[in-house]
Enquirer: 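Sharing a structure here in structure tokens format.
Order of the sequence lines fixes the chain letters, A, B, ..., with proteins taken first and strands second; residue numbering starts at 1 for each chain.
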Amino acid sequence: VDGPSVAWYVALAACLFGIGALGVLIRRNTLVVLLSLELMLNAGNLALIALSRHWHNGAGQIFALAVMAVAASEVCVGLGLVVALNRRNLSLDVDTLSELRG
Amino acid sequence: VNALVVASAGNVLVWMVWVVAAFSCLASGVAVVTFSNPFYSALALIGNLGSLAIMYLLLSAEFVAAAQVLVYAGAVVVMFLFVIAYVGPRRETPWSGGPSWQTFGAIAAAGALLVEIVVAVGMQASGGLSHSGSVGSDFGTPAWIGRVFLVDHLLAFEITSVVLLVAAVGGVILGSHARRAA
């Protein structure tokens, strides 16, 4: 059973990455920007796993697991920032959060 | 002849599952980006993660598919939903008079990124990605992953745990700082 070749998976990953990048660039709600970032990370994971199978090399799957851990860390810190902003009654609009001064 | 029929039927079945998973993956990705309510975006992300887990199963990466469902749908999305519920409904400030240059710029930049990826991958791997080989039956199983992870890539494993620890400490510091300021 072959199924689709790896090029199909990589093409799908590229499309998903483009959708995620569009969300990061176009949306202004911090939470939705973080969700779109997850889409981009998952597109990278899909390409890694497809190519890992293509070259019979386990390192791709290991790297995908490491990417998952990094995504979890990023959500932990990002959502911590969102909660901190909310406690200070600041806007969650990324256009108004353009400077780092508190 | 019988085995050939079975094999081609299996191939068709894999293609059908792939097409359904790819379609739901792209559709839920578009839904994540386009829903105006972040709660629905987070729910759409669950669909995206589920269809990606099906892709991983097709790619004989069983352990990564299980970890995907557990870590993402189980932990990350639930955390997102809690925070979205905690923050409450917040309207995005409406666009001032139709789509701005920022929207066009964002669409152009994302399209350019997509074209760049396609061109780079296509030129780098032209023809090399078309054939598909078969892998051993233990490829992607938890036992195999455990051996690769804890024997071949032990340093990456330890660095991952340190990254997670630092992120957890950072999350705690961010939360406690906000409490003192309030």
Side-chain angles (χ1 to χ4, degrees), chain A residues 1-12 14-23 25-29 31-32 34-36 38-39 42 45-46 49-50 52-54 56 58-59 61-62 64-66 68-73 75-77 79-84 86-88 92-93, chain B residues 7 10-11 14-15 18 22 25-26 29-30 32-33 38 41-42 45 48 52 55-56 58-61 64 67 71 75-76 79-80 83-84 87 90 92-93 103 106-107 109-110 113-114 117-118 121 129-130 132 135 140 145 148-149 153 156 160 163-164 167-168 170-171 174-175 178 181-182:
Chain A
V1 177
D2 294 346
S5 74
V6 69
W8 288 96
Y9 289 99
V10 175
L12 178 71
C15 289
L16 200 60
F17 191 88
I19 292 171
L22 185 65
L25 291 171
I26 215 172
R27 293 302 298 262
R28 291 175 299 164
N29 188 329
L31 289 161
V32 182
L34 283 173
L35 285 172
S36 304
E38 296 295 318
L39 281 184
N42 274 304
N45 267 354
L46 179 60
I49 289 171
S52 156
R53 188 187 186 283
H54 182 67
H56 310 260
Q61 291 193 16
I62 301 304
L65 288 170
M68 272 184 204
V70 169
S73 317
V75 165
C76 174
V77 175
L79 292 182
L81 280 173
V82 168
V83 170
N86 190 52
R87 287 217 177 132
R88 291 171 174 234
L92 294 183
D93 191 325
Chain B
N11 201 6
V14 169
W15 264 104
W18 190 88
C25 180
L26 289 179
V30 170
V32 168
V33 173
S41 291
L45 188 67
N48 190 276
L52 278 174
M55 291 278 173
Y56 297 166
L58 288 181
L59 286 165
S60 54
V64 183
V71 172
V76 169
M79 211 153 93
F80 260 108
V83 170
I84 289 167
V87 168
R90 294 253 190 144
E92 263 186 58
T93 45
T103 314
I107 291 173
L113 201 59
L114 180 60
I117 292 170
V118 169
V121 171
L129 297 181
S130 52
S132 69
V135 291
I145 281 277
V148 174
F149 215 157
H153 299 279
T160 303
V163 167
L164 279 172
L174 277 171

Enquirer: Relative to chain A, which segment of Ala61(B) carries a heavy atom at a distance below 4.5 Å: side chain, backbone, both, or neither?
Expert: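 Both backbone and side chain of Ala61(B) come within 4.5 Å of chain A.
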
Enquirer: Considering all heavy atoms of both residues, which atom of Thr160(B) and which atom of Ala66(A) are nearest to each other, and what is their separation?
Expert: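 Answer, listing the atom of Thr160(B) first, then Ala66(A): OG1-CB, 4.0 Å.
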
Enquirer: So, for Leu22(A) and Ala106(B), which heavy atoms are closest and what is the spacing to 0.1 Å?
Expert: CD1-O, 3.8 Å

Enquirer: What are the two closest heavy atoms between Phe80(B) and Leu31(A), and how far apart are they?
Expert: CE2-O, 3.8 Å

Enquirer: Where on Ala11(A) is there a heavy atom nearer than 4.5 Å to chain B: the side chain, the backbone, both, or neither?
Expert: neither

Enquirer: What closest approach, in Å, do Val76(B) and Ala72(A) show between heavy atoms, and which atom pair accounts for it?
Expert: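 Nearest heavy atoms, Val76(B) then Ala72(A): CG2-CA, 4.3 Å.
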
Enquirer: Against chain B, work out which of Val82(A), Leu39(A), Val70(A), Asn45(A) has the most heavy-atom pairs shorter than 4.5 Å and name it.
Expert: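 Winner by heavy-atom pair count: Leu39(A).
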
Enquirer: Where is the tightest heavy-atom contact between Ala110(B) and Leu25(A), given as atom of each residue plus distance?
Expert: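 Shortest heavy-atom separation between Ala110(B) and Leu25(A) comes out as N-CD1, 4.1 Å.
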
Enquirer: Hey, what do you get for CG (Leu34(A)) to CE (Met79(B)), rounding to the nearest 0.5 Å?
Expert: 10.0 Å

Enquirer: If you take all heavy atoms of Phe17(A) and Leu113(B), which pair is closest and at what distance?
Expert: CE2-CD2, 3.5 Å

Enquirer: Return the option, out of Gly20(A), Ser36(A), Gly58(A), with the maximum number of heavy-atom pairs under 4.5 Å with chain B.
Expert: Gly58(A)

Enquirer: So which part of Leu52(B) gets closer than 4.5 Å to some heavy atom of chain A, the side chain, the backbone, both or neither?
Expert: side chain

Enquirer: I need the Ile19(A) CD1 to Cys25(B) SG distance, nearest 0.5 Å.
Expert: 7.5 Å

Enquirer: Output all residues satisfying side-chain contact (heavy atoms from CB on, under 4.5 Å) with Leu65(A), sequence neighbours left out; order by chain, then residue number.
Expert: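 By the side-chain contact (heavy atoms from CB on, under 4.5 Å) rule, Leu65(A) matches Met68(A), Phe63(B), Val64(B), Ala67(B), Ile145(B), Phe149(B).
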
Enquirer: If you count heavy-atom pairs within less than 4.5 Å of chain B, which of Val77(A), Val75(A), Leu79(A) leads?
Expert: Leu79(A)

Enquirer: Shorter than 4.5 Å, heavy atoms on both sides: which option in Asn42(A), Leu12(A), Leu16(A) has the most such pairs with chain B?
Expert: Asn42(A)

Enquirer: Please state whether the side chain, the backbone, both or neither of Ile107(B) comes within less than 4.5 Å of a heavy atom of chain A.
Expert: both

Enquirer: Of all residues at least two apart in sequence or in a different chain, which pass the side-chain contact (heavy atoms from CB on, under 4.5 Å) check with Leu81(A)?
Expert: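 Testing Leu81(A) for side-chain contact (heavy atoms from CB on, under 4.5 Å), a comparison that skips the adjacent residues, returns Leu174(B).
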
Enquirer: Between Ser73(A), Gly18(A), Ala69(A), Ala50(A), which has the largest tally of heavy atom pairs under 4.5 Å with chain B?
Expert: Ser73(A)

Enquirer: If I measure from the heavy atoms of chain A, does Val83(B) come under 4.5 Å with its side chain, its backbone, both, or neither?
Expert: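 For Val83(B), side-chain heavy atoms alone lie under 4.5 Å from chain A.
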
Enquirer: Take a 6.0 Å sphere around CH2 of Trp8(A) and say whether it holds more than 12 heavy atoms from other residues, nucleotides or ligands.
Expert: no

Enquirer: Any idea which of Gly170(B), Ser41(B), Gly171(B) has the most non-hydrogen atom pairs under 4.5 angstrom with chain A?
Expert: Ser41(B)

